[in-house]
Every structure is written in structure tokens, then in C-alpha cells.
Amino acid sequence: MQTVYILNIPNFYSSYYLYGFNKEFRVKFQMDNSFVKYNNKPVIIFKINDKVGVINNDDPVYFDQDLYNQVDSYFVTNKLIDNEAFKQEKVKPLFPHYPINILPLYLRLFNVGLLKYLKPRTLARELYILKRRPRYKNYNLKTEKEDFIFFTASIWKKEPETNQIRAEFIRYCKQDPRLKFEGGFIPRSDGNNFDFDDVLNDKKYPPKVFSKLSTKSKVALNNAAVYGAVSWRLAEYLNQSLFVLSFPFKIELPVDFTHENNIYFIELTGEFKIVFDKVINNPDIHKRVAENGKQYFSRHCTPQAQAKYILKTMFE
């Protein structure tokens with residue numbers, strides 16, 4: 001069995017990939033002092049044979065040129081299409097993923113290194129976050145859904161376009177008499193809700209509850225996250241065999257989605273009614289997109305599939 005050496009202690013952003021490595025390979029922690037500054041950061045630095053790779057899961061998107069210069073392959077969750085830094089030769093795109101609870105693996109793999117390299121407060125916070133995340137589950141295919149929509153989101157200070165898309169989706173779902181809607185915007189802690197008071201929700205959903213309610217949705221909205229990043233929700237939606245309604249991606253994927261096959265693309269919020277008319281009046285369209293989206297996930301996005309993809313890509 002191939003051995004993967006983990007050269008830093010990544011934070012929970014990278015939990016999906018640690019889980020995949022552990023499922024497919026023999027994983028060992030071997031702290032490299034040249035990468036100490038990347039401990040508890042959204043990156044995994046690893047070594048396979050004589051090659052060093054990095055998985056950059058940073059959100060908001062950030063490119064670390066210094067780290068890029070030190071490795072053989074630089075894998076990124078968000079390979080931005082219009083950013084020159086991400087067009088460099090060693091940059092490789094990844095498939096969508098989402099953070100999961102890997103607490104037992106985290107404690108076993110990094111062991112006393114957690115106390116040696118992380119401050120107590122930092123470690124306590126990381127353990128708390130990991131515990132709250134849902135454990136990875138490969139959901140059974142189930143495309144039949146009631147006319148129910150669950151959608152909740154934060155209001156982002158620097159993403160007016162994303163805020164507007166989400167607000168219009170919430171408004172549409174609340175006014176369509178065919179739909180039962182739950183959710184809304186989470187009020188900002190600073191009190192500035194950017195005039196979205198009509199779509200606020202006074203309830204917060206822990207990650208596990210969020211995941212459970214999402215599985216019931218007839219349609220799942222995917223739009224670009226901060227600075228064009230792919231949303232964590234996308235991979236989980238696909239895993240749950242949901243019909244994914246998406247605005248165009250701002251990142252490169254190793255394998256593209258296909259409109260009306262495994263995803264449904266739109267460009268304007270005014271198209272929401274067209275989509276809901278289709279999925280409610282024509283169950284075959286809903287079933288096809290949901291089933292093929294799940295197939296895309298099973299083929300490319302599972303932790304094991306991504307671990308194999310990373311190994312193959314590094315040694316091509």
C-alpha cells in the first residue's frame with residue numbers, strides 16, 4: 001500500500017482529503033519544519049515517494065506563490081479561470097468537496113503533535129469545529145422529493161452579486177404557492193443586513209441539521225462563493241442526489257458539468273420560475289439531473305476518488 005506523509009497539520013477545511021488519503025493509502029504524520037507556518041491553515045502539504053504536493057482549500061481564495069515554488073504539484077479547490085496565478089504549470093484543479101468530521105483520525109494521526117505545534121486555544125477551537133461537522137456518508141440515491149426547499153446563507157459584505165442572487169432565490173421560493181420553504185438569510189452580527197430584512201431568518205442551523213434538511217430539498221441552489229470560489233454545499237448536494245440549479249462557475253474543474261444532464265445552469269434570477277415549472281411539471285427532468293449529478297459525485301468527488309485522482313495526476 002502506498003504511503004502518504006503529511007508534512008503539516010491542516011485545519012478542518014482539508015478534512016475531506018485527509019479522510020480520502022486515509023481510506024486509500026497508508027497515512028503518516030511527519031512534520032517538516034519548513035512548513036510549520038502552514039499548521040492549522042487550509043492546506044495539506046504531503047509527500048508521496050519523492051514528490052511533494054499541496055492541496056490548497058483556502059476560502060476566500062488565496063494563492064501562495066512561495067508555497068507553489070516549493071512543491072511539485074499544487075492542487076486547488078478553486079482554480080480561478082480569470083486569475084493568472086492559477087494558470088501556472090504546476091496548478092491542478094480539484095473536484096468539489098466539503099468539510100467533514102474526522103475527529104478520531106485527526107487525533108490519531110497528529111497525536112502529540114497537536115500539543116507541540118498548536119496553541120491550546122487553537123486546538124480547542126479546531127476540535128469543536130470538527131465535532132460539529134457531519135461525518136462523511138455516501139448517501140443512497142433518492143431523487144423523489146416533496147415540493148420543499150431549504151436554503152439558508154450568510155450575508156457577505158464584499159459579495160453584493162452573490163447576496164442578490166441568494167435573496168432573489170429566497171424571495172421566489174417564499175412566494176411560489178407550490179413550494180414549502182424553510183430558511184432565509186442569517187442576520188449579520190454587526191447589524192448591517194444590507195437591506196435584506198424581508199428575507200432574514202431568526203434561526204441558525206448547526207451543520208448536522210443543515211445537512212439533514214438539505215437532503216429534503218426539491219432544488220438546491222449553487223452560486224459562486226467569496227471571490228468566485230465553489231461553494232462547499234455543491235459536493236454535498238450532489239452526494240445527496242439533489243437537483244442542482246447553478247449559476248456559471250468561475251473556476252476550472254477537472255471534468256466539466258453538462259447543462260440539463262448532471263446540473264441545470266441559469267444566468268439570471270428571472271429564470272427561477274422557468275426552472276421550477278420544469279421540475280414540478282416534468283418529473284423526468286428532475287430525476288435525470290439529480291441522478292446524473294449523483295453519478296458525477298460517485299465517479300469523481302468521493303474522498304476515495306479524489307485521493308486516486310491526486311496520486312494519478314502527480315505522477316503523470
Side-chain angles (χ1 to χ4, degrees), residues 13-14 16-17 41-44 54-65 67-68 73-99 151-170 172 185 194 196 214 219-239 242-272 274-275 289 292-293 296-297 299-301 306 309-310 313:
Y13 279 54
S14 302
Y16 199 83
Y17 292 103
K41 301 293 185 183
V43 295
I44 303 178
V54 63
I55 298 173
N56 180 348
N57 293 306
D58 213 349
D59 180 10
V61 182
Y62 172 73
F63 190 91
D64 191 317
Q65 188 65 45
L67 185 56
Y68 173 89
S73 296
Y74 191 89
F75 294 93
V76 291
T77 300
N78 296 298
K79 190 174 186 292
L80 294 176
I81 296 171
D82 60 355
N83 187 308
E84 290 299 319
F86 290 91
K87 296 178 182 179
Q88 297 178 84
E89 182 181 1
K90 292 185 291 184
V91 179
K92 313 294 182 184
L94 288 170
F95 292 96
H97 75 106
Y98 55 99
F151 185 81
T152 185
S154 301
I155 303 171
W156 289 329
K157 189 174 183 178
K158 296 182 179 180
E159 294 292 334
E161 181 183 2
T162 295
N163 290 339
Q164 195 60 45
I165 287 172
R166 291 173 164 181
E168 291 301 324
F169 184 73
I170 295 168
Y172 178 83
F185 272 143
F194 295 92
F196 291 118
S214 292
V219 171
L221 175 67
N222 175 66
N223 60 271
V226 179
Y227 299 151
V230 67
S231 171
W232 285 344
R233 297 173 175 177
L234 176 58
E236 193 166 15
Y237 288 159
L238 295 168
N239 187 6
L242 302 185
F243 177 104
V244 177
L245 170 63
S246 181
F247 282 77
F249 288 97
K250 298 182 180 180
I251 64 165
E252 178 185 329
L253 293 166
V255 177
D256 289 330
F257 287 95
T258 307
H259 175 54
E260 288 199 62
N261 175 35
N262 47 26
I263 203 166
Y264 196 102
F265 283 117
I266 62 171
E267 295 189 4
L268 301 171
T269 58
E271 298 175 70
F272 288 148
I274 296 172
V275 176
V289 173
N292 290 342
Y296 181 99
F297 177 86
R299 188 175 297 118
H300 304 299
C301 301
Q306 299 221 44
Y309 162 77
I310 288 167
T313 304

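- Remark: the backbone N or O of Phe86 is paired with a side-chain donor or acceptor of Lys79 at under 3.5 angstrom.
- Between Phe63 and Gln88 there is a side-chain heavy-atom pair separated by less than 4.5 Å.
- A 6.0 Å sphere centred on NZ of Lys157 holds no more than 12 heavy atoms belonging to other residues, nucleotides or ligands.
- Distance check, rounded to the nearest 0.5 Å: CD1 of Ile55 to OG1 of Thr77 gives 8.0 Å.
- For the residue pair Asn222 and Ser231, no side-chain donor N or O sits within less than 3.5 Å of a side-chain acceptor on the partner.
- Asn239 contributes no side-chain N or O that, together with a main-chain N or O of Ala235, makes up a donor-acceptor pair within less than 3.5 Å.
- Between Tyr296 and Leu253 the shortest side-chain heavy-atom distance falls below 4.5 Å.
- Inter-residue side-chain proximity for Trp156 and Arg166 is flagged as met; some heavy-atom pair is nearer than 4.5 Å.
- Rounding to the nearest 0.5 Å gives a distance of 14.0 Å between CD1 of Ile44 and OH of Tyr13.
- Residue Phe185 holds its CZ atom at 9.0 Å from OG of Ser154, rounded to the nearest 0.5 Å.
- Environment of CD in Glu267: sparse, with no more than 12 heavy atoms of neighbouring residues, nucleotides or ligands closer than 6.0 Å.
- Here the closest heavy-atom approach between residue Ile251 and residue Val230 is recorded as CD1-CB, 3.7 Å.
- Aromatic rings of Phe265 and Phe257 (six-membered ring for Trp) have centroids beyond the 6.0 Å cut-off, not under it.
- Counting only distance, with no hydrogens or angles, the side chain of Gln306 and the backbone of Cys301 share a donor-acceptor pair below 3.5 Å.
- The two residues Ser14 and Pro42 come nearest to each other via the heavy atoms OG-C, 3.7 Å.
- With contacts defined as side-chain heavy-atom distances shorter than 4.5 Å, the pair Phe272/Ile266 qualifies.
- Taking NZ of Lys41 as the reference point, atom CG of Leu67 lies at 12.5 Å (rounded to 0.5 Å).
- Rounded to the nearest 0.5 Å, atoms CD1 (Ile170) and CD1 (Ile165) are 12.0 Å apart.
- Listed by chain and number, the residues in a side-chain hydrogen bond (donor to acceptor under 3.5 Å, both in side chains) with Asn292 are Asn261 (sequence neighbours excluded).
- In terms of heavy-atom proximity, Tyr62 sits nearest to Tyr74 at O-OH, 4.2 Å.
- Annotation: side chain of Asn56 is not in contact with side chain of Leu94 (no heavy-atom distance under 4.5 Å).
- Between Thr162 and Phe247, the closest side-chain pair of non-hydrogen atoms is not below 4.5 Å.
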Exercise. Passes side chain to side chain contact (heavy atoms under 4.5 Å, CB included), Phe75 versus Thr313? Steps please.
Worked result: CA-CA 10 Å; Phe75 294 93; Thr313 304; 3.9 Å; yes
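- Looking only at side-chain heavy atoms (C-beta outward), Tyr17 and Asn57 come within less than 4.5 Å of each other.
- Note on Lys250 versus Glu161: salt bridge recorded, some NZ/NE/NH1/NH2 to OD/OE distance being below 4.0 Å.
- Annotation: the span from Leu221 atom CG to Leu234 atom CG amounts to 10.5 Å, rounded to 0.5 Å.
- Within a 6.0 Å sphere centred on CD of Gln164, other residues, nucleotides and ligands contribute more than 12 heavy atoms.
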For this session: Go through the steps to decide whether Tyr237 and Phe297 satisfy the test side chain to side chain contact (heavy atoms under 4.5 Å, CB included), and finish with yes or no.
Result: CA-CA 9 Å; Tyr237 288 159; Phe297 177 86; over 6 Å; no
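- Proximity of Phe249 to Ile263: side-chain heavy atoms (C-beta onward) are separated by under 4.5 Å at one or more points.
- Crowding of Lys92 atom NZ: a count of heavy atoms from other residues, nucleotides or ligands under 6.0 Å exceeding 12.
- With salt bridges taken as basic N to acidic carboxylate O contacts below 4.0 Å, none links Arg233 and Glu236.
- In this structure, the ring of His300 has its center no less than 6.0 angstrom from the ring center of Tyr309.
- Distance alone, capped at 3.5 Å, places no donor-acceptor pair between the Tyr68 side chain and the Val91 backbone.
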